[in-house]
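A short write-up of the structure that comes next.
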Amino acid sequence: MADSTTSPPPGAVPPSLARVAFHAVAAGLTPLIPVPFLDDYALRQVREQSVRDQLKERGLKAPDKAVAVLAGSYDARSLGGRLVSYLKAVALFPVRKVFRKVFFILWVKDCVDLTSVCLHHGYLLHHALQRGDLDAESLQGDAPQKVQAAIVAACAEMDARPINQALRRLFRSSRVLMAEATRAFLNPQGGPRVPDPKGESAEVKSLTDRLLQELWEERGYFTALEAHYDKHLKSGLAPSEPRAATGT
(Lines give C-alpha, C1' and ligand atoms only; values in the text may rest on other atoms or scores of the structure.)
Protein backbone atom coordinates (compact mmCIF):
# COMPACT_ATOMS: atom_id res chain seq x y z
CA MET A 1 0.00 0.00 0.00
CA ALA A 2 1.23 3.49 -0.77
CA ASP A 3 2.44 5.87 1.91
CA SER A 4 -0.64 6.78 3.92
CA THR A 5 0.59 10.35 4.20
CA THR A 6 0.16 10.86 0.45
CA SER A 7 -2.92 12.98 -0.17
CA PRO A 8 -4.88 12.63 -3.38
CA PRO A 9 -4.78 15.70 -5.59
CA PRO A 10 -7.97 17.73 -5.93
CA GLY A 11 -10.51 15.88 -8.07
CA ALA A 12 -8.58 12.56 -7.93
CA VAL A 13 -11.79 10.69 -7.13
CA PRO A 14 -14.74 11.84 -9.25
CA PRO A 15 -18.08 12.50 -7.52
CA SER A 16 -19.60 9.47 -9.25
CA LEU A 17 -17.08 7.18 -7.52
CA ALA A 18 -17.67 9.00 -4.25
CA ARG A 19 -21.31 7.94 -4.53
CA VAL A 20 -20.22 4.35 -5.23
CA ALA A 21 -18.19 4.42 -2.01
CA PHE A 22 -21.09 5.96 -0.08
CA HIS A 23 -23.50 3.24 -1.17
CA ALA A 24 -20.91 0.54 -0.44
CA VAL A 25 -20.51 1.79 3.14
CA ALA A 26 -24.29 2.07 3.58
CA ALA A 27 -24.65 -1.52 2.36
CA GLY A 28 -21.94 -2.61 4.77
CA LEU A 29 -23.90 -1.31 7.75
CA THR A 30 -27.11 -3.22 6.90
CA PRO A 31 -26.12 -6.22 9.10
CA LEU A 32 -26.81 -3.95 12.08
CA ILE A 33 -30.54 -4.05 11.29
CA PRO A 34 -31.94 -6.42 13.97
CA VAL A 35 -35.07 -7.60 12.13
CA PRO A 36 -34.92 -10.87 10.11
CA PHE A 37 -35.02 -10.32 6.33
CA LEU A 38 -35.29 -6.54 6.77
CA ASP A 39 -31.48 -6.34 6.61
CA ASP A 40 -31.50 -8.26 3.31
CA TYR A 41 -34.28 -6.04 1.98
CA ALA A 42 -32.32 -2.91 2.95
CA LEU A 43 -29.23 -4.33 1.23
CA ARG A 44 -31.12 -4.89 -2.00
CA GLN A 45 -32.54 -1.38 -1.84
CA VAL A 46 -29.09 0.18 -1.34
CA ARG A 47 -27.52 -1.81 -4.16
CA GLU A 48 -30.35 -1.09 -6.58
CA GLN A 49 -30.33 2.61 -5.69
CA SER A 50 -26.59 2.69 -6.38
CA VAL A 51 -27.24 1.30 -9.87
CA ARG A 52 -30.09 3.74 -10.53
CA ASP A 53 -27.95 6.69 -9.42
CA GLN A 54 -25.13 5.73 -11.76
CA LEU A 55 -27.52 5.26 -14.68
CA LYS A 56 -29.33 8.51 -13.90
CA GLU A 57 -26.03 10.39 -13.90
CA ARG A 58 -25.66 9.40 -17.57
CA GLY A 59 -29.26 10.13 -18.44
CA LEU A 60 -30.23 6.46 -18.56
CA LYS A 61 -33.26 4.68 -17.16
CA ALA A 62 -33.36 0.91 -17.06
CA PRO A 63 -36.19 -1.60 -16.58
CA ASP A 64 -36.50 -2.93 -13.03
CA LYS A 65 -35.14 -6.33 -14.14
CA ALA A 66 -32.00 -4.74 -15.63
CA VAL A 67 -31.44 -2.75 -12.42
CA ALA A 68 -31.83 -5.90 -10.33
CA VAL A 69 -29.41 -7.82 -12.56
CA LEU A 70 -26.76 -5.07 -12.37
CA ALA A 71 -27.26 -4.82 -8.61
CA GLY A 72 -26.80 -8.56 -8.18
CA SER A 73 -30.26 -8.88 -6.65
CA TYR A 74 -32.14 -10.51 -9.53
CA ASP A 75 -33.29 -13.98 -8.54
CA ALA A 76 -34.30 -16.18 -11.45
CA ARG A 77 -35.10 -19.19 -9.27
CA SER A 78 -38.53 -20.71 -8.99
CA LEU A 79 -40.91 -19.83 -6.18
CA GLY A 80 -40.14 -23.20 -4.59
CA GLY A 81 -36.40 -22.51 -4.70
CA ARG A 82 -36.87 -19.13 -3.05
CA LEU A 83 -39.08 -20.69 -0.37
CA VAL A 84 -36.38 -23.24 0.51
CA SER A 85 -33.84 -20.44 0.71
CA TYR A 86 -36.05 -18.43 3.06
CA LEU A 87 -36.68 -21.44 5.29
CA LYS A 88 -32.94 -22.06 5.57
CA ALA A 89 -32.42 -18.41 6.46
CA VAL A 90 -35.10 -18.60 9.17
CA ALA A 91 -33.48 -21.70 10.65
CA LEU A 92 -30.00 -20.15 10.71
CA PHE A 93 -31.04 -16.67 11.83
CA PRO A 94 -30.99 -17.29 15.64
CA VAL A 95 -27.56 -18.95 15.40
CA ARG A 96 -26.21 -16.14 13.26
CA LYS A 97 -27.44 -13.48 15.69
CA VAL A 98 -26.03 -15.29 18.73
CA PHE A 99 -22.60 -15.58 17.15
CA ARG A 100 -22.64 -11.92 16.13
CA LYS A 101 -23.45 -10.86 19.67
CA VAL A 102 -20.66 -12.96 21.15
CA PHE A 103 -17.97 -12.41 18.53
CA PHE A 104 -17.50 -8.81 17.41
CA ILE A 105 -15.07 -9.95 14.73
CA LEU A 106 -17.84 -11.85 12.93
CA TRP A 107 -19.97 -8.73 12.86
CA VAL A 108 -17.06 -6.81 11.35
CA LYS A 109 -16.60 -9.57 8.78
CA ASP A 110 -20.23 -9.27 7.66
CA CYS A 111 -19.82 -5.51 7.23
CA VAL A 112 -16.51 -5.91 5.38
CA ASP A 113 -17.80 -8.61 3.03
CA LEU A 114 -20.87 -6.62 2.01
CA THR A 115 -18.95 -3.38 1.56
CA SER A 116 -16.28 -5.12 -0.50
CA VAL A 117 -18.78 -6.77 -2.84
CA CYS A 118 -20.74 -3.55 -3.33
CA LEU A 119 -17.58 -1.50 -3.83
CA HIS A 120 -16.16 -3.87 -6.46
CA HIS A 121 -19.45 -4.20 -8.34
CA GLY A 122 -20.22 -0.49 -8.13
CA TYR A 123 -16.73 0.45 -9.31
CA LEU A 124 -16.90 -1.88 -12.31
CA LEU A 125 -20.39 -0.68 -13.24
CA HIS A 126 -18.98 2.86 -13.22
CA HIS A 127 -16.17 1.63 -15.50
CA ALA A 128 -18.64 -0.12 -17.81
CA LEU A 129 -20.72 3.03 -18.17
CA GLN A 130 -17.61 5.07 -18.90
CA ARG A 131 -16.70 2.61 -21.66
CA GLY A 132 -20.18 2.82 -23.15
CA ASP A 133 -20.97 -0.85 -22.53
CA LEU A 134 -24.53 0.11 -21.59
CA ASP A 135 -26.85 2.56 -23.28
CA ALA A 136 -30.58 3.20 -23.49
CA GLU A 137 -31.09 0.51 -26.14
CA SER A 138 -28.82 -2.21 -24.75
CA LEU A 139 -30.36 -1.88 -21.28
CA GLN A 140 -33.56 -3.29 -22.79
CA GLY A 141 -31.77 -6.44 -23.99
CA ASP A 142 -29.23 -8.88 -22.60
CA ALA A 143 -26.39 -6.38 -22.13
CA PRO A 144 -27.00 -6.10 -18.35
CA GLN A 145 -26.55 -9.87 -18.00
CA LYS A 146 -23.32 -9.77 -20.03
CA VAL A 147 -21.93 -6.84 -18.08
CA GLN A 148 -22.87 -8.43 -14.74
CA ALA A 149 -21.29 -11.75 -15.79
CA ALA A 150 -18.05 -9.94 -16.71
CA ILE A 151 -18.12 -8.08 -13.38
CA VAL A 152 -18.58 -11.30 -11.39
CA ALA A 153 -15.81 -13.05 -13.36
CA ALA A 154 -13.41 -10.11 -12.92
CA CYS A 155 -14.01 -9.97 -9.17
CA ALA A 156 -13.46 -13.73 -8.87
CA GLU A 157 -9.97 -13.37 -10.36
CA MET A 158 -8.80 -10.64 -8.00
CA ASP A 159 -7.23 -11.14 -4.59
CA ALA A 160 -9.36 -8.70 -2.60
CA ARG A 161 -7.34 -9.01 0.61
CA PRO A 162 -5.69 -5.56 0.33
CA ILE A 163 -9.11 -3.92 0.01
CA ASN A 164 -10.71 -6.10 2.68
CA GLN A 165 -7.89 -5.37 5.11
CA ALA A 166 -8.42 -1.65 4.62
CA LEU A 167 -12.18 -2.09 5.11
CA ARG A 168 -11.56 -4.14 8.24
CA ARG A 169 -9.56 -1.28 9.73
CA LEU A 170 -12.35 1.14 8.89
CA PHE A 171 -15.15 -0.89 10.44
CA ARG A 172 -13.19 -1.85 13.55
CA SER A 173 -13.04 1.85 14.34
CA SER A 174 -16.70 2.50 13.50
CA ARG A 175 -18.47 4.22 16.39
CA VAL A 176 -21.87 2.88 15.33
CA LEU A 177 -20.62 -0.70 15.05
CA MET A 178 -18.79 -0.52 18.38
CA ALA A 179 -21.84 0.94 20.12
CA GLU A 180 -24.16 -1.74 18.77
CA ALA A 181 -21.75 -4.56 19.62
CA THR A 182 -21.39 -3.21 23.16
CA ARG A 183 -25.17 -2.88 23.57
CA ALA A 184 -25.75 -6.43 22.29
CA PHE A 185 -23.05 -7.86 24.56
CA LEU A 186 -24.08 -6.04 27.75
CA ASN A 187 -27.82 -6.39 27.20
CA PRO A 188 -28.42 -9.44 24.97
CA GLN A 189 -32.11 -9.59 26.00
CA GLY A 190 -32.72 -5.93 25.20
CA GLY A 191 -35.10 -4.72 22.55
CA PRO A 192 -34.22 -3.73 19.00
CA ARG A 193 -31.61 -1.07 18.48
CA VAL A 194 -33.00 2.45 18.16
CA PRO A 195 -31.14 4.08 15.27
CA ASP A 196 -29.86 7.63 15.46
CA PRO A 197 -30.34 8.87 11.88
CA LYS A 198 -28.28 12.03 12.37
CA GLY A 199 -25.37 10.24 14.03
CA GLU A 200 -25.40 7.33 11.60
CA SER A 201 -25.51 9.60 8.55
CA ALA A 202 -22.42 11.35 9.87
CA GLU A 203 -20.80 7.96 10.47
CA VAL A 204 -21.49 6.81 6.90
CA LYS A 205 -19.99 10.05 5.56
CA SER A 206 -16.92 9.68 7.77
CA LEU A 207 -16.35 6.08 6.69
CA THR A 208 -16.92 7.05 3.06
CA ASP A 209 -14.31 9.81 3.19
CA ARG A 210 -11.76 7.39 4.63
CA LEU A 211 -12.69 4.75 2.06
CA LEU A 212 -12.06 7.24 -0.75
CA GLN A 213 -8.55 7.75 0.59
CA GLU A 214 -8.05 3.98 0.41
CA LEU A 215 -9.35 3.98 -3.17
CA TRP A 216 -6.68 6.50 -4.08
CA GLU A 217 -3.93 4.49 -2.41
CA GLU A 218 -5.05 1.25 -4.11
CA ARG A 219 -5.60 2.74 -7.58
CA GLY A 220 -3.24 0.13 -9.11
CA TYR A 221 -5.53 -2.61 -7.79
CA PHE A 222 -8.58 -1.05 -9.40
CA THR A 223 -6.73 -0.55 -12.69
CA ALA A 224 -6.05 -4.30 -12.71
CA LEU A 225 -9.70 -4.96 -11.84
CA GLU A 226 -10.77 -2.93 -14.88
CA ALA A 227 -8.43 -4.96 -17.11
CA HIS A 228 -9.98 -8.24 -15.93
CA TYR A 229 -13.45 -6.88 -16.63
CA ASP A 230 -12.44 -5.70 -20.11
CA LYS A 231 -11.00 -9.13 -20.89
CA HIS A 232 -14.10 -11.01 -19.85
CA LEU A 233 -16.51 -8.70 -21.63
CA LYS A 234 -14.45 -8.90 -24.83
CA SER A 235 -14.37 -12.69 -24.64
CA GLY A 236 -18.15 -12.74 -24.84
CA LEU A 237 -18.53 -14.56 -21.54
CA ALA A 238 -21.92 -16.22 -21.50
CA PRO A 239 -24.15 -14.80 -18.76
CA SER A 240 -24.46 -17.17 -15.82
CA GLU A 241 -27.41 -17.19 -13.46
CA PRO A 242 -27.24 -13.79 -11.72
CA ARG A 243 -26.21 -13.94 -8.07
CA ALA A 244 -28.44 -12.76 -5.29
CA ALA A 245 -27.41 -9.71 -3.30
CA THR A 246 -26.12 -11.60 -0.30
CA GLY A 247 -22.71 -9.99 -0.31
CA THR A 248 -21.02 -13.38 0.06
Side-chain angles (χ1 to χ4, degrees), residues 11-28 43-76 113-160 162-163 167 208 211-212 214-216 218-248:
V13 179
S16 51
L17 279 181
R19 283 189 284 277
V20 168
F22 178 86
H23 282 111
V25 170
L43 174 61
R44 288 196 301 273
Q45 292 294 103
V46 170
R47 293 190 70 171
E48 291 181 7
Q49 188 59 50
S50 178
V51 170
R52 288 192 178 93
D53 285 354
Q54 289 206 55
L55 294 174
K56 183 179 179 181
E57 186 176 73
R58 296 183 177 273
L60 299 173
K61 184 176 181 181
D64 290 343
K65 179 181 176 180
V67 171
V69 167
L70 293 170
S73 59
Y74 178 70
D75 192 346
D113 288 347
L114 290 178
T115 303
S116 181
V117 168
C118 296
L119 179 63
H120 282 74
H121 282 232
Y123 183 92
L124 284 179
L125 177 58
H126 176 269
H127 175 63
L129 289 169
Q130 278 193 318
R131 280 169 41 99
D133 296 335
L134 295 166
D135 56 27
E137 182 178 355
S138 64
L139 281 167
Q140 308 298 321
D142 63 355
Q145 287 90 339
K146 291 179 179 178
V147 166
Q148 176 68 1
I151 288 175
V152 170
C155 292
E157 289 186 343
M158 295 293 292
D159 181 356
I163 301 302
L167 291 173
T208 299
L211 177 56
L212 289 173
E214 297 290 346
L215 283 177
W216 169 251
E218 295 290 349
R219 54 197 180 279
Y221 173 93
F222 287 99
T223 298
L225 183 64
E226 292 174 4
H228 283 289
Y229 165 83
D230 296 349
K231 175 189 69 177
H232 284 293
L233 193 69
K234 185 177 180 181
S235 71
L237 182 70
S240 58
E241 181 178 326
R243 297 183 179 182
T246 60
T248 56

Heavy-atom closest pair, residues [X] and [Y]:
X: L119; Y: F222; answer: CD2-CZ, 4.1 Å
X: L60; Y: A136; answer: CD2-N, 3.5 Å
X: L43; Y: A27; answer: CD1-CB, 3.6 Å
X: P144; Y: L139; answer: CG-O, 3.9 Å
X: L134; Y: A143; answer: CD2-CB, 3.8 Å

Within the 4.5 Å heavy-atom criterion, are [X] and [Y] side-chain neighbours or not?
X: C118; Y: H23; result: no
X: K65; Y: Q145; result: yes
X: V117; Y: L114; result: no
X: L233; Y: H228; result: no
X: S73; Y: E48; result: yes
X: R47; Y: H121; result: yes

Considering residues at least two apart in sequence or located in another chain, which fulfil the side chain to side chain contact (heavy atoms under 4.5 Å, CB included) criterion with [X]?
X: A128; result: D133, V147, Y229
X: V51; result: L55, V67, L70, A71, L125
X: D230; result: H127, R131

Practice prompt. Please list, chain by chain and in numerical order, all residues satisfying salt bridge (Lys or Arg N to Asp or Glu O under 4.0 Å) with K231, sequence neighbours excluded.
Written response: E157
Discussion item. Under 4.0 Å between a side-chain nitrogen and a carboxylate oxygen: does that hold for R58 and D53?
Written reply: no
Worksheet item: How would you list all residue pairs meeting salt bridge (charged side-chain N to carboxylate O under 4.0 Å, His left out) that involve residues 116-129, not counting sequence neighbours?
Response: none
Fill in: S138 side chain to D135 side chain, donor-acceptor N/O pair below 3.5 angstrom
yes
Worksheet item: Under the ring-ring contact (aromatic ring centres under 6.0 Å, His included) test, which residues partner H120, sequence neighbours left out?
Response: Y221
